[in-house]
Amino acid sequence: MHRILARSTLVLATVAGLLAGPAIPASQAAPDLPDATAQPTGAQLTAAQLAGSWTGPLSARGRYIVDANGDRFKLKSANWGGAQGSWTGSGDIDDPANHHAGEDSYNMPVGLDRASLPALLGSYHQLGINSIRLPFSNEMIHNTTPVPDAAVAANPQLRGKTPLQVYDAVITALTGDGFAVVLNNHTNTSRFCCGLDGNERWNTSQSTAQWEDDWVFMARRYKDNKRVVGADLYNEVRRTILDDPNWGSGDGHDWFSAAQEAGDRILTEADPDLLIIVEGINWTGIPADGLPHGRPTLEPARTLSHTLLRSGKLVYSAHFYGYTGPNHTGAYGTGETHDPRYQDMTRDQLFAALQQQAFFITTEGQHFTAPLWVSEFGTGTEENDPKARAWFANFTDFLAANDTDFSYWPVVGWSGNGQGDAYALVRYDAAGHRTGILDGPDWRSAAWNHLITAPSRTGQVAVPARWNMLDLDNADAVRSLRMRGGPDWDSGARKATCPDGQRLIGLAHTGNRGLCTDSGAGDLRSAAPEYTVVRDESYVRSGDWAGGYTKLECPAGQFLDGYSVRGAAVSAALCVPARAALGTAGRTVWFDRGDNRPAGGPGGEFASGNYKGQCATDEYAAGIAYTGRVGSRRTPDALLCRKLA
């Protein structure tokens, strides 16, 4: 979230001190600054047109989001803030001056005191957006105090309602007008983020269990409304005073594991149709020159990506503001480092940084491939810095050229009497008069028009081959709903199984990682519920394909769908029957002394820093070999790969 970050980061730095390749050519000339007189044109749809243009629920196909008919649905979104809380954390909470931009939101979407819901939604249609990211706080969910009448003066039908009931009414109005709504858990406490505010992690001011339970509650609450399309799990995960979040360590600060667990609970206990949206890590380290610090964003997903229990539901997200940078929190003055901000970068440098930090996610054919939603970016109508203006033009160019899903922050704010959010696209004064990008000169208009009207892919999106990684780094990785519903097939061992519809195709020599796919075969498994747990050489029938090694070979007509380990040692192979006859011609793929993968490494780097082996996409894995000789840890050394037919 914008601006408050700079101030909060100063606090972080002070306390810490006390304690201690782009789609468009990067060489293309920078554009002229946007025409200040240009107005939004041509992208808006009426409520009826928008409602008729897509059908929920939404899913992910490769790098694209599609609707229930398989047609591309690009999230052209904006953030409607307020329900996450607006108090800045100092001074009297009842004084609007102590709320972000002077806007006391009363923990509900901003603007309901100044404009009717139909008027607000009419503005959103004019802007050309088709979806809303709707933040909330966990505190809001449990708040039973009715909002003040004055806070809903323009919407008297909302008098006497709690913040959650107002949130309900806003969702009903939005989805009734055809908008898609993404629920966003923005904060734990109802306080404007994002610094040292008690909202740094999903579990800073509450337990992880409570956070997950609240998500299940919210997902169930809107389950029958298929225009509520996504669960954006948590906003801008970042460092507390003493501790960093991490991606994959398995401890209580592990955002990777927490997001996967919450996503799985939502999909299995509440609503199997929701998109699960995982934002990268926003900040780690001490923001001071000479100490490690930076914005990891989505870079960790390159070598450790999520595999949800339901395929086709994962979306990754990231935030970008010109005043921040790959290693810059956005602070000014005390606490500011000398790292470049995004707005300090040349066009070439900016595009390279964006690709490195987040946009690589849309590369097809990788275990991390997913739609990328830039769920926050923005700038102020009063911004006069030429570098900041050029950044906004360059950034929106990059979004448009890459056909990227986006969400501007924020869509609506106040104006007048020294109040208001200059970042807002539209603003209302106390009398309900609207100003902003729709109503007069605004230097952002040309860039916004370019973004909202840019050509993008439409129509049917074919279902691509899927690739997913398995990691047994810290816990089981049983990614199959079918196998999760059955008995423990290797008690005491850590177990990994491929998602339903996929087969195991790669293994790491060390590190306990695996790679799954449906490439070349689709869903290879038969409808029969049977499976075989192989712990010895009972089923070896094709000769000594790994001389001197213990071979766990699948029975005839079955293929590898999972494996288990005890420590680093192979414990068992999980084999399942195929729906059709399998080929028997095979080869041994050794990977105990180096990588042995098909050309191009389809599926991507699934075991960074470790040797790995992988069958070709026209093969299936039929066995694992390892050795118990002195000096060996009984880790996988070879795969038996056979032709599919």
Donor-acceptor check, side chain of [X] to backbone of [Y], threshold 3.5 angstrom: yes or no?
X: Gln355; Y: Ala352; answer: no
X: Asp244; Y: Gly285; answer: yes
X: Arg302; Y: Gln356; answer: yes
X: Asp403; Y: Arg457; answer: yes
X: Gln357; Y: Arg295; answer: yes
X: Trp283; Y: Gly294; answer: no
X: Thr362; Y: Phe360; answer: no
X: Thr307; Y: Met469; answer: yes
X: Asp271; Y: Arg220; answer: no
X: Lys643; Y: Asp618; answer: no

When you check the gap from the basic side-chain N to the acidic O, do [X] and [Y] get nearer than 4.0 Å?
X: Asp405; Y: Arg72; answer: yes
X: Asp595; Y: Lys612; answer: yes
X: Lys223; Y: Asp273; answer: no

Could you check whether any side-chain heavy atom of [X] comes within less than 4.5 Å of a side-chain heavy atom of [Y], counting everything from C-beta outward?
X: Arg482; Y: Arg525; result: yes
X: Arg503; Y: Cys498; result: no
X: Ile132; Y: Tyr124; result: yes
X: Asn596; Y: Gln614; result: no
X: Cys554; Y: Thr532; result: no
X: Val237; Y: Asn282; result: no
X: Tyr620; Y: Ile505; result: no
X: Glu236; Y: Glu376; result: yes

Would you tell me whether [X] and [Y] have side-chain atoms, one donor and one acceptor, within less than 3.5 Å of each other?
X: Arg566; Y: Ser571; value: yes
X: His142; Y: Asp214; value: yes
X: Gln460; Y: Asp71; value: yes
X: Asp251; Y: His253; value: no
X: Arg201; Y: Asn203; value: yes
X: Thr55; Y: Asp67; value: no
X: Asp168; Y: Tyr222; value: yes
X: Ser480; Y: Thr497; value: no
X: Asn185; Y: Asn138; value: yes
X: Ser59; Y: Lys313; value: yes

To the nearest 0.5 angstrom, please state how far the [atom1] atom of [X] sits from the [atom2] atom of [Y].
X: Phe559; Y: Arg579; atom1: CZ; atom2: CZ; value: 8.5 Å
X: Ser207; Y: Glu212; atom1: OG; atom2: CD; value: 8.5 Å
X: Ser137; Y: Asn199; atom1: OG; atom2: CG; value: 8.0 Å
X: Arg310; Y: Ile276; atom1: CZ; atom2: CD1; value: 10.5 Å
X: Thr635; Y: Leu507; atom1: OG1; atom2: CG; value: 10.5 Å
X: Ser305; Y: Leu298; atom1: OG; atom2: CG; value: 11.0 Å

Are [Y] and [X] an aromatic pair, judged by ring center distance below 6.0 Å?
X: His186; Y: Trp80; result: no
X: Tyr321; Y: Phe377; result: no
X: Trp373; Y: Phe73; result: no
X: Trp467; Y: Phe606; result: no

Stepwise side-chain hydrogen bond (donor to acceptor under 3.5 Å, both in side chains) test for Ser407 and Asn79: CA-CA 6 Å; Ser407 187; Asn79 286 267; 3.1 Å; yes

In terms of ring plane angle, is the pair [X] and [Y] parallel, tilted or perpendicular, where the classes change at 30° and 60°?
X: Phe359; Y: Phe398; answer: perpendicular
X: Phe591; Y: His509; answer: perpendicular
X: Tyr167; Y: Phe136; answer: perpendicular

Identify the two heavy atoms, one from [X] and one from [Y], that lie closest to each other, and give their separation to 0.1 Å.
X: Ala621; Y: Leu504; answer: CB-O, 3.4 Å
X: Trp409; Y: Pro135; answer: CZ3-CG, 4.0 Å
X: Gly506; Y: Leu639; answer: CA-CD1, 4.2 Å

Salt bridge (Lys or Arg N to Asp or Glu O under 4.0 Å), that's the test. Do Arg191 and Glu139 meet it? Break it down for me. CA-CA 9 Å; Arg191 178 177 167 184; Glu139 184 178 336; over 6 Å; no

side-chain contact (heavy atoms from CB on, under 4.5 Å) partner of Phe256, chosen from Asn474, Ile281, Leu304: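 Among Asn474, Ile281, Leu304, the one meeting side-chain contact (heavy atoms from CB on, under 4.5 Å) with Phe256 is Leu304.
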
Geometric cation-pi criterion Arg238 and Trp255, 6.0 Å radius, 45° cone: no

Does the pair Glu200 and Asp243 meet the rule for a side-chain contact (heavy atoms from CB on, under 4.5 Å), with working shown? CA-CA 10 Å; Glu200 297 88 347; Asp243 298 303; over 6 Å; no

Got a sec: does the OH of Tyr611 have more than 12 other heavy atoms crowding it under 6.0 Å? no

Applying the salt bridge (charged side-chain N to carboxylate O under 4.0 Å, His left out) test to Arg479, which of Asp500, Asp471, Asp264, Asp561 qualifies? Asp264

Please determine whether side-chain contact (heavy atoms from CB on, under 4.5 Å) holds for the pair Leu274 and Val229, giving the CA-CA distance in whole Å, both sets of side-chain angles, and the decisive distance to 0.1 Å. CA-CA 5 Å; Leu274 285 177; Val229 299; 5.6 Å; no

Apply side-chain contact (heavy atoms from CB on, under 4.5 Å) to Ile361 and Phe368, showing your working. CA-CA 6 Å; Ile361 285 290; Phe368 53 72; 4.3 Å; yes

Please assess Thr517 against Thr617 for the test side-chain contact (heavy atoms from CB on, under 4.5 Å), listing each intermediate value before the final yes or no. CA-CA 8 Å; Thr517 191; Thr617 54; 5.8 Å; no

